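See below for the structure under consideration.
This is a predicted model, so every value here is computed, not measured. Below, each value reflects all heavy atoms present in this structure, side chains not excepted, and no hydrogens, waters or symmetry copies. One is the number of the first residue; the rest follow in order along the sequence.
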Amino acid sequence: MTSTSVAENRDALSIIELFPQDEDWSLQTMRLLAQVAVGGADLFECARTANRIGRTTTDGEVWQREWSRTAEEVAAAGEAALERGDTVTARRALQRSCSYWRHSEFFLPSFDPRREQAYKNGTANFQKAAELTDGLIERIKVPFEGTTLDSYIVRPDTSGVPRPTVLFLGGADSWAEELYFLGGTEFPARGLNVVMVDTPGRGSSLRFKKLYSRPDYEVPVAAILDFLEQRSDVDADRIGLGGVSFGGYYAPRAAAFEPRIKAVAAWCGTWSILTDFYEFYPPLQQQLQWLTGSKDDAEARDKLAAFTLDGVADKIDVPVYVMHGTDDIIMDVAGARRFVDALTTDDVTVDIYDGAGSLHCSYDYFSVATARLADWFVQRLG
């Protein structure tokens with residue numbers, strides 16, 4: 001039975017638009033601002049950065065320079081706090097610095113060396129912050145095809161009690177570290193572990209290990225589950241799988257072929273990555289070429305044609321949650337609806353947000369959307 005919940009507020013969107021001169025700059029910054037609620041950014045640090053950039057320029061060099069400056073200044077404040085012994089202040093500043101480094105490199109070409117450096121700076125700061133959590137955020141490495149996938153597990157406590165666990169998969173451009181601000185606080189607050197992994201086509205796996213994205217995402221997911229089953233703090237009979245943005249393909253695909261998954265959520269539904277994402281939002285075509293290891297547009301199109309849930313959706317036999325927005329300019333909501341229509345499992349929950357929550361990944365309804373996602377997993381995993 002399908003339960004559809006649509007946001008009732010159809011009034012004009014209430015958004016914070018720091019860069020009205022560029023739709024992509026504005027949308028990506030709303031992504032950052034959404035994470036203010038969970039410590040991924042500070043509203044006024046973002047506003048001061050935007051003021052330095054200005055409301056007229058669309059120069060990517062200015063963008064990179066000013067967000068990098070903010071990342072460096074916030075990290076320096078964190079290091080100073082650490083020297084004083086103020087570990088909470090240090091941890092929070094280092095986490096925000098990670099977000100600003102990620103934001104600084106977003107619009108750089110994949111071959112620009114500053115993109116790799118920003119990644120190294122940002123992840124190093126997050127890892128320092130993780131060390132200040134008394135073990136609540138633990139770095140782990142998952143064996144996979146002759147190398148390892150850089151990962152984290154975030155737990156409600158360090159008691160070692162076996163808990164239901166959600167494996168959370170990022171999208172086309174997210175780092176494992178960013179996933180902490182998308183679900184790494186909400187899930188543990190409800191008694192669940194959350195696992196965040198740089199799977200193929202993302203983060204360090206893409207940048208340093210040349211592990212490109214692949215349509216058969218059940219393969220890396222199976223490797224992660226093999227690893228998690230060996231941990232005493234993971235209840236292997238209660239594992240959920242969630243995917244955000246492009247992860248809205250990865251997670252359902254894996255759940256269709258991996259019987260250890262007991263519930264799956266697509267935070268942005270899709271049917272075909274080629275039509276619903278690559279062709280629908282051209283500004284990210286270079287990113288998708290990079291993450292698939294494609295040399296040009298033609299090769300990317302050929303590879304992405306295999307990233308479809310046609311013939312897959314009807315194989316999913318566990319509870320499914322789909323979230324999408326009607327004003328999503330990055331991933332076509334029509335793909336989400338087609339995916340929902342193809343599902344045959346009895347337990348399907350759908351949130352198509354219109355008005356508040358209608359942006360990509362519901363950045364403009366973040367606190368509500370992430371809470372609904374986490375609550376759904378609690379209800380399905382126990």
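- Tested against I224 for a side-chain contact (heavy atoms from CB on, under 4.5 Å), the candidates I239, L241, L167 yield a single pass: L167.
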Can you check salt bridge (charged side-chain N to carboxylate O under 4.0 Å, His left out) on R253 and E218, steps first, answer last? CA-CA 7 Å; R253 165 71 198 211; E218 66 275 13; 2.8 Å; yes
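- Environment of CD in E23: sparse, with no more than 12 heavy atoms of neighbouring residues, nucleotides or ligands closer than 6.0 Å.
- Judged as a ring pair (Phe, Tyr, Trp, His ring centres under 6.0 Å), and not counting sequence neighbours, F227 has no contacts.
- Judged by distance alone, the side chain of R115 and the main-chain N or O of L108 form a donor-acceptor pair under 3.5 Å.
- Considering CG of L206 and OG of S110, their distance stands at 8.5 Å, rounded to 0.5 Å.
- Every side chain to side chain contact (heavy atoms under 4.5 Å, CB included) that E279 has, sequence neighbours left out, goes to L274, T275, R301.
- Considering every non-hydrogen atom in both V194 and G184, the closest pair reads CG1-CA, 3.7 Å.
- Criterion: ILVMFWY side-chain heavy atoms under 4.5 Å apart, direct or through other members. Under it, V161 and F187 are not part of a common hydrophobic cluster.
- Cluster membership check: Y365 shares its hydrophobic cluster with L373, using side-chain heavy-atom separations under 4.5 Å among Ile, Leu, Val, Met, Phe, Trp and Tyr.
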Donor-acceptor list for residues 78-85 side chains, cut-off 3.5 Å, not counting sequence neighbours:
| residue | atom | partner | partner atom | Å |
| --- | --- | --- | --- | --- |
| E79 | OE2 | K128 | NZ | 2.6 |
| R84 | NE | D86 | OD2 | 2.9 |
| R84 | NH2 | D86 | OD2 | 3.4 |

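- The ring pair (Phe, Tyr, Trp, His ring centres under 6.0 Å) search around Y152 returns F126, not counting sequence neighbours.
- No hydrogens or angles considered: nothing links the side chains of D375 and Q379 as a donor-acceptor pair under 3.5 Å.
- Looking at S204 and D198, their side chains do bring a donor and an acceptor atom within 3.5 Å of each other.
- Judged as a ring pair (Phe, Tyr, Trp, His ring centres under 6.0 Å), and not counting sequence neighbours, F257 has no contacts.
- Although no hydrogens or angles enter the test, the distance criterion places a donor-acceptor pair under 3.5 Å between the side chain of R190 and the main chain of E186.
- For E229, the salt bridge (Lys or Arg N to Asp or Glu O under 4.0 Å) partners are R260, not counting sequence neighbours.
- A distance-only check finds no donor-acceptor pair linking the side chain of Q289 to the backbone of S294 [under 3.5 Å].
- Listed for the W267 side chain is no donor-acceptor partner under 3.5 Å among the backbone atoms of S245.
- A donor-acceptor pair under 3.5 Å is formed between the side chain of S362 and the backbone N or O of G357.
- Both I352 and F277 are assigned to one and the same hydrophobic cluster, defined by single-linkage of ILVMFWY side chains at heavy-atom distances under 4.5 Å.
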With ring pair (Phe, Tyr, Trp, His ring centres under 6.0 Å) as the criterion, how do F246 and Y250 come out once you've worked through the C-alpha distance, each side chain's angles and the decisive distance to 0.1 Å? CA-CA 7 Å; F246 196 144; Y250 293 147; 4.6 Å; yes
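- Across every non-hydrogen atom of V197 and S151, the tightest pair is CG1-OG, 3.3 Å.
- A donor-acceptor contact closer than 3.5 angstrom links the side chains of S97 and N125.
- Residues passing the salt bridge (Lys or Arg N to Asp or Glu O under 4.0 Å) test with D59, sequence neighbours excluded: none.
- Between E45 and R96 there is a salt bridge, since at least one side-chain N of the basic residue sits less than 4.0 Å from a carboxylate O of the acidic one.
- Within the structure, every pair that satisfies the ring pair (Phe, Tyr, Trp, His ring centres under 6.0 Å) test and touches residues 44-63, not counting sequence neighbours, is listed here: F19-W63, W25-W63, W63-W67, W63-H103, W63-F107.
- Taking D235 as the reference, R238 meet the salt bridge (Lys or Arg N to Asp or Glu O under 4.0 Å) condition, with sequence neighbours excluded.
- In terms of modelled atom types and a separation under 3.5 Å, the side chain of H360 and the main chain of D328 share no donor-acceptor contact.
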Evaluate the salt bridge (charged side-chain N to carboxylate O under 4.0 Å, His left out) criterion for residues K120 and E116: first the C-alpha distance (whole Å), next the side-chain angles of each, then the deciding distance (0.1 Å), finally the verdict. CA-CA 6 Å; K120 289 179 177 178; E116 181 176 311; 3.2 Å; yes
Show me the side-chain donor-acceptor pairs of residues 310-323 shorter than 3.5 Å, one per line, residues at least two apart or across chains.
| residue | atom | partner | partner atom | Å |
| --- | --- | --- | --- | --- |
| K315 | NZ | G311 | O | 2.6 |
| Y321 | OH | D351 | OD2 | 2.5 |

Residue pair W101, Q117: steps toward the side chain to side chain contact (heavy atoms under 4.5 Å, CB included) verdict: CA-CA 9 Å; W101 277 120; Q117 190 58 54; over 6 Å; no
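- S213 places no side-chain N or O within 3.5 Å of a backbone atom of T292 that could act as its donor or acceptor partner.
- In this structure, the side chain of D296 engages the main chain of E299 through a donor-acceptor pair within 3.5 Å.
- In summary, the side chains of T70 and T49 do present a donor paired with an acceptor at a separation below 3.5 Å, with no hydrogens or angles considered.
- Criterion: ILVMFWY side-chain heavy atoms under 4.5 Å apart, direct or through other members. Under it, L94 and W175 are not part of a common hydrophobic cluster.
- No donor-acceptor distance shorter than 3.5 angstrom exists from the side chain of K295 to the backbone of A300, with no hydrogens or angles considered.
- The hydrophobic clustering, which links ILVMFWY residues whose side-chain heavy atoms are closer than 4.5 Å, places W376 and Y353 together.
- Distance alone, capped at 3.5 Å, is enough to place a donor-acceptor pair between the Q21 side chain and the G54 backbone.
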Could you walk me through whether R337 and D276 pass the salt bridge (charged side-chain N to carboxylate O under 4.0 Å, His left out) test, one step at a time? CA-CA 11 Å; R337 290 182 167 128; D276 301 337; over 6 Å; no
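- Heavy-atom minimum distance, G242 versus V166: N-CG1, 4.3 Å.
- A donor-acceptor contact closer than 3.5 angstrom is absent between the side chains of Y100 and D42.
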Derivation and outcome, side chain to side chain donor-acceptor pair (under 3.5 Å), residues R202 and T199: CA-CA 6 Å; R202 299 179 42 255; T199 46; 3.0 Å; yes
Kindly determine whether R31 and Q28 satisfy side chain to side chain donor-acceptor pair (under 3.5 Å), including the steps that lead there. CA-CA 5 Å; R31 167 181 174 177; Q28 290 305 319; 3.0 Å; yes
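- The two residues A172 and L291 make their nearest non-hydrogen contact at O-CD2, 3.3 Å.
- What you find for S104 and A118 is that their closest heavy atoms are OG-CB, 3.9 Å.
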Going through the distances and angles, do R55 and E17 end up as a salt bridge (charged side-chain N to carboxylate O under 4.0 Å, His left out)? CA-CA 10 Å; R55 303 297 193 272; E17 196 168 23; over 6 Å; no
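- A salt bridge links R69 to E73: one of the charged nitrogens lies within less than 4.0 Å of a carboxylate oxygen.
- Residue pairs meeting the salt bridge (Lys or Arg N to Asp or Glu O under 4.0 Å) criterion with at least one member in residues 134-144, sequence neighbours excluded: E138-R155, E138-R231, K141-D150.
- Applying the ring pair (Phe, Tyr, Trp, His ring centres under 6.0 Å) criterion to Y249, with sequence neighbours excluded, gives F307.
- Defined by atom type and a distance below 3.5 Å, a donor-acceptor pair is missing between the side-chain atoms of S174 and E178.
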